[in-house]
Novice: 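Below you will find the structure I want to go over with you.
None of these values were measured; they are calculated from a predicted model.
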Amino acid sequence: MKGIHINGDQGEGGGQVLRTCLTLSLLYGINFTISNIRARRDKPGLRRQHLTCVRAAREISNARVEGDELGSTELHFSPGEIYGGEYQFDIGTAGSSTLLFQTLLLPLLQANKESRITLTGGTHNPMAPTLTYLRQSFLPLLRQMGANVEVEVKQWGFVPAGGGQWLARIKPSKLTPIELTERGRLRKCRLVSYCVGLPESIGKREIDTFIGLYHAPIDEFYIRSPVALSSGNLLCFDMKFEQMQLSIIQLGRLKLRAETVAEKLNKQVREYLSSKAVLDRYLTDQIMLPMVVARGGCFSCDQLSTHATTNMEVIAQMTGYHLLFKPGHPCKLMG
């Protein structure tokens, strides 16, 4: 099985190297071999959520795969044609279902017909984009580029229980380049504490602490209790600007005081608003592959994370496209 060889040990050396390879392989019909999978993690090799990504990619493209087993540190992947349709993917653990979704999304936007994907697993994980962030930050940005994607949430899934379930409807769409160098005036902001299986007093303490630190008008603030398999908490600050929208999120966790959650979120919000960046560090990373599909675009951001620079390196190796970044200047895609 000939093709491109990728070293999974490069950069941050985690699962994103594999997921980026899978997405680009599906999009452009690239055969690839990846070695040293997740070599920089405490438990290297394919874990359950990564294996589910591989097998889901195989299913939507009838790919030929070697090395798709738990713990494998080398994988050979040869894709076929992308087929839209009805799919169900269950990670089987609390592993991130949003990362699985992002692996498949761009290829299915290029499929022959509409796709409906039911995903089961974690929806609000500490080391992955939460489903709330995906719905309120990532997908609105993709829609600005032309993507026709809708999401219906049935149940949230927190670590360690998982069990979240949601449906994505993906219609074939052509992405067009987007330029986001200014975010414009802040039109509306809201603060929401999501408390599941926890006393409402936790949400009230988070909101009161944040408001006490923010020192600026907040249009709406309230507590919500979505359906979930197990208890969990997050505090979310949603902002709508003239040119885009963004949610900044802080997950609560066991033994982390409500006041600390609010303080951490306030620090993130202040840092973002005091900068000239349009995209935060997470959207900066997540917009790179859509820019490749759109074959252009630029955006303003702050310093790139190691995760983002690793993504840039893999994109260049797989496609020849380069994302150019200089501090103080917009990040651009170059062929």
Novice: For a quick test of reading the model, state the closest non-hydrogen atom pair linking L251 to L256 and the distance between them.
Specialist: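 So the two residues come closest at O-CD2, 4.1 Å.
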
Novice: Determine yes or no for a side-chain-to-main-chain donor-acceptor pair under 3.5 angstrom, with Q155 supplying the side chain and G163 the backbone.
Specialist: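 Yes, because the side chain of Q155 sits within donor-acceptor range (under 3.5 Å) of the backbone of G163.
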
Novice: So, do L333 and V292 sit near enough that their side-chain heavy atoms are less than 4.5 Å apart?
Specialist: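 Side-chain contact under 4.5 Å: yes.
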
Novice: Closest heavy-atom contact between V153 and W166?
Specialist: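 Reported closest heavy-atom pair: CA-CB, 4.0 Å.
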
Novice: Please check: side-chain N/O of S78 versus main-chain N/O of A63, any donor-acceptor pairing under 3.5 Å?
Specialist: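 No, because the side chain of S78 does not come within donor-acceptor range (under 3.5 Å) of the backbone of A63.
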
Novice: Whether the side chain of T123 engages the backbone of G157 through a donor-acceptor N/O pair (distance < 3.5 Å, no angle test) should be reported.
Specialist: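 Yes; judged by distance alone, with no hydrogens or angles, the pair exists.
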
Novice: Does a sphere of radius 6.0 Å around CZ in R205 hold more than 12 heavy atoms from other residues, nucleotides or ligands, not counting ones at 6.0 Å or beyond?
Specialist: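 It does: R205 CZ has more than 12 such atoms within range.
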
Novice: Can you tell me how far the CG atom of N311 sits from the CZ atom of R19, to the nearest 0.5 Å?
Specialist: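 It is 9.5 Å, given to the nearest 0.5 Å.
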
Novice: If you draw a 6.0 Å radius around CZ in R253, do more than 12 non-hydrogen atoms from other residues or ligands fall strictly inside?
Specialist: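 Open: at most 12 neighbouring heavy atoms sit under 6.0 Å from CZ of R253.
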
Novice: I'd like to know if the side chain of E182 reaches the main chain of G184, judged simply by a donor and an acceptor atom lying under 3.5 Å from each other, with no hydrogens or angles considered.
Specialist: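 A pair under 3.5 Å: no.
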
Novice: Check for a donor-acceptor pair, side chain of T20 on one end and backbone N or O of Q16 on the other, with a separation under 3.5 Å.
Specialist: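 Present.
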
Novice: Using modelled atom types only, decide if a donor and an acceptor are shared between the side chain of R38 and the backbone of G13 within a distance under 3.5 Å.
Specialist: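 Here the side-chain-to-backbone pair does not exist.
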
Novice: Is I4 linked to L75 within one hydrophobic cluster, defined over Ile, Leu, Val, Met, Phe, Trp and Tyr using a side-chain heavy-atom separation of less than 4.5 Å?
Specialist: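 I4 and L75: one cluster.
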
Novice: Judged by atom type as modelled, is there a donor-acceptor pair below 3.5 Å linking the side chain of E220 to the main-chain atoms of L191?
Specialist: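 The answer is no, because no donor-acceptor pair under 3.5 Å joins these two groups.
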
Novice: Less than 4.0 angstrom from a charged side-chain N to a carboxylate O is my criterion; do D219 and K188 meet it?
Specialist: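 Looking at K188 together with D219, the answer is no, because their closest N to O distance does not fall below 4.0 Å.
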
Novice: Is S300 reaching over with its side chain to a backbone N or O of T181, donor-acceptor style, under 3.5 angstrom?
Specialist: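 Yes, because the side chain of S300 sits within donor-acceptor range (under 3.5 Å) of the backbone of T181.
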
Novice: Give the intermediate values and the outcome of side-chain hydrogen bond (donor to acceptor under 3.5 Å, both in side chains) for residues S96 and N125.
Specialist: CA-CA 6 Å; S96 173; N125 301 53; 4.7 Å; no

Novice: Between R224 and Y222, is NZ or CZ placed under 6.0 angstrom from the six-membered ring centre and within 45° of the ring axis?
Specialist: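 R224 over Y222 ring: yes.
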
Novice: What's the separation between atom CZ in F299 and atom CG in L279, rounded to the nearest 0.5 Å?
Specialist: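 Separation between the atoms: 6.0 Å.
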
Novice: Could you pull out the closest heavy-atom pair between L109 and K171, with the gap in Å?
Specialist: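 Shortest heavy-atom contact: CD2-O, 3.4 Å.
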
Novice: Find the distance between OG1 (T130) and CH2 (W156) and round it off to the nearest 0.5 Å.
Specialist: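 Reported to 0.5 Å precision, the distance equals 7.5 Å.
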
Novice: Are any of the side-chain heavy atoms of L273 and V269 separated by less than 4.5 Å?
Specialist: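 Yes; the side chains approach each other to less than 4.5 Å.
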
Novice: With rounding to the nearest 0.5 Å, note down the distance linking OG1 in T120 to CD1 in I91.
Specialist: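 Nearest 0.5 Å value for the OG1-CD1 distance: 8.5 Å.
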
Novice: Ignoring hydrogens and geometry, is there a side-chain-to-backbone donor-acceptor pair from S225 to V196 under 3.5 Å?
Specialist: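 Not a single qualifying donor-acceptor pair exists.
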
Novice: Could you tell me whether R116 and E86 have a side-chain N and a carboxylate O separated by less than 4.0 Å?
Specialist: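 Looking at E86 together with R116, the answer is yes, because their closest N to O distance falls below 4.0 Å.
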
Novice: Please indicate whether R143 has more than 12 foreign heavy atoms, meaning atoms of other residues, nucleotides or ligands, lying under 6.0 Å from its CZ.
Specialist: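 Correct, the count exceeds 12.
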
Novice: Is the number of heavy atoms from other residues, nucleotides or ligands under 6.0 Å of Q88 CD greater than 12?
Specialist: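 No - once you tally the heavy atoms of other residues, nucleotides and ligands closer than 6.0 Å, there are 12 at most.
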
Novice: Establish whether Y194 and F210 are linked, either directly or via other cluster members, by ILVMFWY side-chain heavy-atom contacts under 4.5 Å.
Specialist: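 Y194 and F210: one cluster.
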
Novice: For atom CZ of F221, decide whether the heavy atoms of other residues, nucleotides or ligands shown that lie under 6.0 angstrom number more than 12.
Specialist: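 At most 12 heavy atoms, drawn from other residues, nucleotides or ligands, come within 6.0 Å of this atom.
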
Novice: Check whether the side chains of N148 and S173 place a donor and an acceptor atom closer than 3.5 Å, and report yes or no.
Specialist: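 The answer is no; no qualifying pair exists.
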
Novice: In the single-linkage hydrophobic clustering (I, L, V, M, F, W, Y; side-chain heavy atoms under 4.5 Å), do F32 and V17 co-cluster?
Specialist: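 Both belong to a single hydrophobic cluster.
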
Novice: Identify whether Y214 and V192 are in the same connected component of the hydrophobic contact network (ILVMFWY, side-chain heavy atoms under 4.5 Å).
Specialist: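 Yes, Y214 connects to V192 through the hydrophobic network.
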
Novice: Could you tell me whether a side-chain N or O of S35 sits under 3.5 Å from a main-chain N or O of N7, the two making a donor and an acceptor?
Specialist: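 Answer holds: no.
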
Novice: Looking only at non-hydrogen atoms, find the nearest pair between C53 and T103 and report the distance.
Specialist: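 Reported closest heavy-atom pair: SG-OG1, 3.9 Å.
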
Novice: With a 4.0 Å cut-off on N to O distance, would you call E271 and K267 a salt bridge?
Specialist: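 Yes, this pair counts.
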
Novice: Membership question, hydrophobic clusters at under 4.5 Å side-chain separation (ILVMFWY): are I248 and M127 in the same one?
Specialist: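 M127 and I248: separate clusters.
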
Novice: Pairing donors with acceptors under 3.5 angstrom, does anything connect the side chains of E206 and N233?
Specialist: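 There is such a pair between these side chains.
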
Novice: In a check of side chain to side chain donor-acceptor pair (under 3.5 Å) between S247 and each of R135, K240, Q136, which one passes?
Specialist: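 Looking at R135, K240, Q136, the match for S247 under the side chain to side chain donor-acceptor pair (under 3.5 Å) is Q136.
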
Novice: Would you say the side chains of H76 and T33 form a donor-acceptor pair under 3.5 Å?
Specialist: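 Side-chain D/A pair, H76 to T33: present.
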
Novice: Is there a side-chain contact between C301 and V278, using heavy atoms and a 4.5 Å cut-off?
Specialist: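 Not in contact.
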
Novice: Run the salt-bridge test on R40 and D9 with the 4.0 Å N-O cut-off and return the result as yes or no.
Specialist: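 Yes, charged N to carboxylate O under 4.0 Å.
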
Novice: Please say whether more than 12 non-hydrogen atoms of neighbouring residues, nucleotides or ligands are located less than 6.0 Å from CZ in R270.
Specialist: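 For R270, atom CZ is crowded (more than 12 foreign heavy atoms under 6.0 Å).
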
Novice: Taking all non-hydrogen atoms of both residues, which atom of T98 and which atom of P129 are closest, and how far apart?
Specialist: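 Heavy atoms only, the tightest pair is OG1-O, 2.6 Å.
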
Novice: To the closest 0.5 Å, what do you measure between CG (L141) and CD1 (I287)?
Specialist: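 L141 CG to I287 CD1: 4.0 Å, rounded to 0.5 Å.
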
Novice: Quick one: pull up CD1 in I249 and OH in Y282 and give me the separation to the nearest 0.5 Å.
Specialist: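 One finds 10.0 Å between CD1 of I249 and OH of Y282.
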
Novice: If you draw the axis of the six-membered ring of F241, does the NZ or CZ of R183 fall within 45° of it and under 6.0 Å from the ring centre?
Specialist: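 Yes.
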
Novice: Where do Q243 and Q144 land on the side-chain hydrogen bond (donor to acceptor under 3.5 Å, both in side chains) test, with the steps shown first?
Specialist: CA-CA 10 Å; Q243 304 298 328; Q144 283 183 254; over 6 Å; no

Novice: How close do T23 and Q102 get, heavy atom to heavy atom, and via which atoms?
Specialist: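 Where T23 meets Q102 most closely, the heavy atoms are OG1-O, 4.1 Å.
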
